[in-house]
Amino acid sequence: MTDTDVVVIGAGLSGLVTAAELTASGHHVTLLDQEPPAALGGQAWWSFGGLFLVDTPEQRRLGVRDSADLALADWLGSARFAPGAADGHGPDRWGYAWAERFVDFAATEMRPWLHGLGVRWFPLVQWAERGGYPAGGHGNTVPRFHVTWGTGPGLLEPFVRRLLDARAAGLVDMRFRHRATELVTTDGAVTGVRADVLAPSPAERGVRSARDVVDQVEISAQAVVVASGGIGANHDLVRERWPASSGTLPARMLSGVPDSTDGEFLGVASAAGGALVHEDRMWHYPEGIANHSPVWSNHGIRILPGPSSLWVDADGGRLPAPLFPGFDALGALEHITARGDDHSWFVLNRAIMETEFALSGSEQNPDLTGRDLRLLADRVLPGATGPVARFATESDEFVFADDVASLAAGMNALTDATPGSRGVVDPAALAALVTARDAQVTSGLGKDPQVTAVAAARRFSVDRLMRVAPPRALTDPKDGPLLAVRLSVLTRKTLGGLHTDDRARVLTSAGEVLPGLWAAGEAAGFGGGGVHGHRALEGTFLGGCLHSGRVAGRAVAAALS
């Protein structure tokens, strides 16, 4: 007789979805999380709520023609799976299988399933990652980023509600402040979990909580599901696993996830026999800015940029095409780390900032998070949204100036750069860059690939309405002052993880099923140990938690029936 049917480790989105599927089939779940109750929902609560959905009513109303075949082609062009994956061979075999299933899910069941649970979406579909490469390369061919009405908290709502209903029915035992430290195995099968009981903590959501141990427990179960998340807050581990071929991550980085996203349980699962694969595959962002009101350690916010800003490196040199804002974040990051820089810059003006800057995160989008229609209307009115305007006023990362020479001086003052050293922006070179860009824009056509990309973006109604500024010279006085924003590396997602088969069962290094152990969410590379391959399409992280949690919950329920 076991203590519970299933132990689920981690109360983030994938863990909640797994628990919801299991309790819906009548199984008893013990849900463990090292954080206090205030942190229920994990990283998903802090998210923008963007979902990769395919061929939706929202897209069709905007004249966007999408299909599962087109989406899968974009996915494979971004993922760059190893040869043989499509035929069921090689290191990306299971990642490829999960990718096919996820794209099908995004084109068929995901939207009606969530809609039936009460989830709704902002009607203007976004284009978060354009790619900019020829057909078959990285990026989305059409906009697919559907922002949840209510952002991350709105997406979590139905699963939190199902969890509370299941607890009231006696099907869930929620144990916060329980840090799983070991998997119990019996005759080669996982049969339970050992955990430290941590002292109660008054820490608010996202705030670092204490790790004082007051007790240990052992919980036996018929199955264990690992939904413990990735490694984004563990900067030492991130640097250790970052591939040498992509340069060197800097000593100074920001965190896009709370401190609890430490990746420690992945090592525990590995010690019990679970195989970790593709650990060097990650998705971090180069467009981070330090939060003026931090919640967790090194708290950073990502700028979601439109395409008009000049993107320059620490020395003021322009990033090569197609590394424009909003086109290929990971490619831009690898360019920066290959140079050994710890920052880069957006160079723009006030008018572009007001039109094109958005900030990632539920707390940075109070209109969408709070479902406030009056506040939402401000997005299509002149001027920056409230959170962007606040950063422009309060953040040291924003440097304003009336001319290019003064702008360069302000950029150098912010980084304490000394003449003759790396990271000094030459005023004359920056002025020449701005002059050349402005000449392309004012020509009315232009051969510059970024200028032509901006013109193409404005063909899409949503971009023209609220995301892409009319092309004008950066130095146009009515659009001033000039602005430079220092950008830092922002850690976020783990693309590798525990190796699983198509039923979310964890595999050993020999490729065999480890009985009793399943994995979901970021801990499983969102399925198969690497559903995204080397690069991800935006909106697939929350969707990956939903899909892998659903698959894991149903697979475990079937195995126990």
Side-chain angles (χ1 to χ4, degrees), residues 44 47-56 58-59 64-81 85-86 92 95-108 110-111 121 125-148 155 230 256 278 281-287 302 304-305 307 322-334 360 457 460 462-463 467 492-497 521-522 525-528 530-548:
S47 74
F48 197 17
L51 291 175
F52 175 98
L53 294 170
V54 177
D55 192 22
T56 64
E58 290 79 14
Q59 288 175 304
V64 174
R65 294 189 293 272
D66 200 6
S67 69
D69 288 343
L70 183 61
L72 182 60
D74 287 347
W75 190 293
L76 298 179
S78 300
R80 294 188 290 112
F81 289 123
D92 284 319
Y96 187 99
W98 275 84
E100 286 190 309
R101 291 178 64 186
F102 178 79
V103 171
D104 179 71
F105 179 61
T108 56
M110 191 195 305
R111 188 185 183 281
W121 294 272
V125 184
Q126 307 291 302
W127 207 334
E129 185 95 341
R130 300 166 194 265
Y133 297 94
H138 170 65
N140 286 294
T141 300
V142 298
R144 300 188 175 107
F145 194 73
H146 295 66
V147 178
T148 301
L155 186 59
H278 308 312
R281 297 182 186 176
M282 305 173 224
W283 189 265
H284 307 306
Y285 292 109
E287 314 104 324
R302 185 195 177 197
L304 299 173
L323 302 182
F324 314 131
F327 278 68
D328 180 5
L330 190 60
L333 174 61
E334 291 175 339
S360 184
F460 178 47
V462 175
D463 281 342
R467 288 291 287 148
R492 184 65 64 85
K493 295 295 181 185
T494 311
L495 300 188
E522 199 173 349
F526 301 91
V531 66
H532 300 98
H534 291 272
R535 265 183 169 80
L537 296 174
E538 292 284 3
T540 60
F541 299 136
L542 290 175
C545 288
L546 292 167
H547 181 238
S548 62

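Listed by chain and number, the residues in a side-chain hydrogen bond (donor to acceptor under 3.5 Å, both in side chains) with E538 are Y285, R302 (sequence neighbours excluded). Under the rule for a ring pair (Phe, Tyr, Trp, His ring centres under 6.0 Å), F460 has no partner lying at least two apart in sequence or in another chain. Residues forming a side chain to side chain contact (heavy atoms under 4.5 Å, CB included) with L70 (at least two apart in sequence, or on another chain): D66, S67, D74, T141, V142, R144. Applying the side-chain hydrogen bond (donor to acceptor under 3.5 Å, both in side chains) test to R101 and every residue at least two apart in sequence or in another chain returns nothing. For W75, the ring pair (Phe, Tyr, Trp, His ring centres under 6.0 Å) test picks out F52, F102, H532, with sequence neighbours left out. The side chain to side chain contact (heavy atoms under 4.5 Å, CB included) test applied to S47 returns L542, not counting sequence neighbours.
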Open item on the list: Run H146 and R111 through side chain to side chain contact (heavy atoms under 4.5 Å, CB included) and show every step you take.
Closed with: CA-CA 10 Å; H146 295 66; R111 188 185 183 281; over 6 Å; no
- [ ] Kindly indicate, with the supporting measurements, whether the criterion side chain to side chain contact (heavy atoms under 4.5 Å, CB included) is fulfilled by T540 and V531.
- [x] CA-CA 10 Å; T540 60; V531 66; over 6 Å; no
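Across all non-hydrogen atoms, the minimal contact from H284 to L333 is O-CD2, 3.5 Å. Summarising the geometry of V103 relative to L72, their closest heavy-atom pair is CG1-N, 3.8 Å, with the distance given to 0.1 Å. Here the closest heavy-atom approach between residue L51 and residue T148 is recorded as CD1-OG1, 4.1 Å. Taking both residues in full, the closest heavy atoms of H138 and S78 are given as ND1-OG, 2.9 Å, listed atom of the first, atom of the second, then distance. When every heavy atom of G137 is checked against every heavy atom of Y133, the shortest pair comes out as CA-CB, 4.2 Å. In terms of heavy-atom proximity, G326 sits nearest to P305 at N-CG, 3.7 Å.
From D92, atom CG reaches atom NE2 of H534 across 6.0 Å, with rounding to the nearest 0.5 Å. Taking CH2 of W121 as the reference point, atom CG of L53 lies at 6.0 Å (rounded to 0.5 Å).
Contact annotation: the side chain of L304 approaches that of R467 to within less than 4.5 Å [non-hydrogen atoms, C-beta and beyond]. Considering only heavy atoms from C-beta on, L495 stays 4.5 Å or farther from H278 through its side chain. Using a 4.5 Å cut-off on side-chain heavy atoms (C-beta onward), E129 and D328 make contact.
Of the listed residues (W98, F541, F526), just one forms a ring pair (Phe, Tyr, Trp, His ring centres under 6.0 Å) with H547, and that residue is W98.
Looking at E334 and R535, a side-chain N of the basic residue comes within less than 4.0 Å of a carboxylate O on the acidic one, giving a salt bridge.
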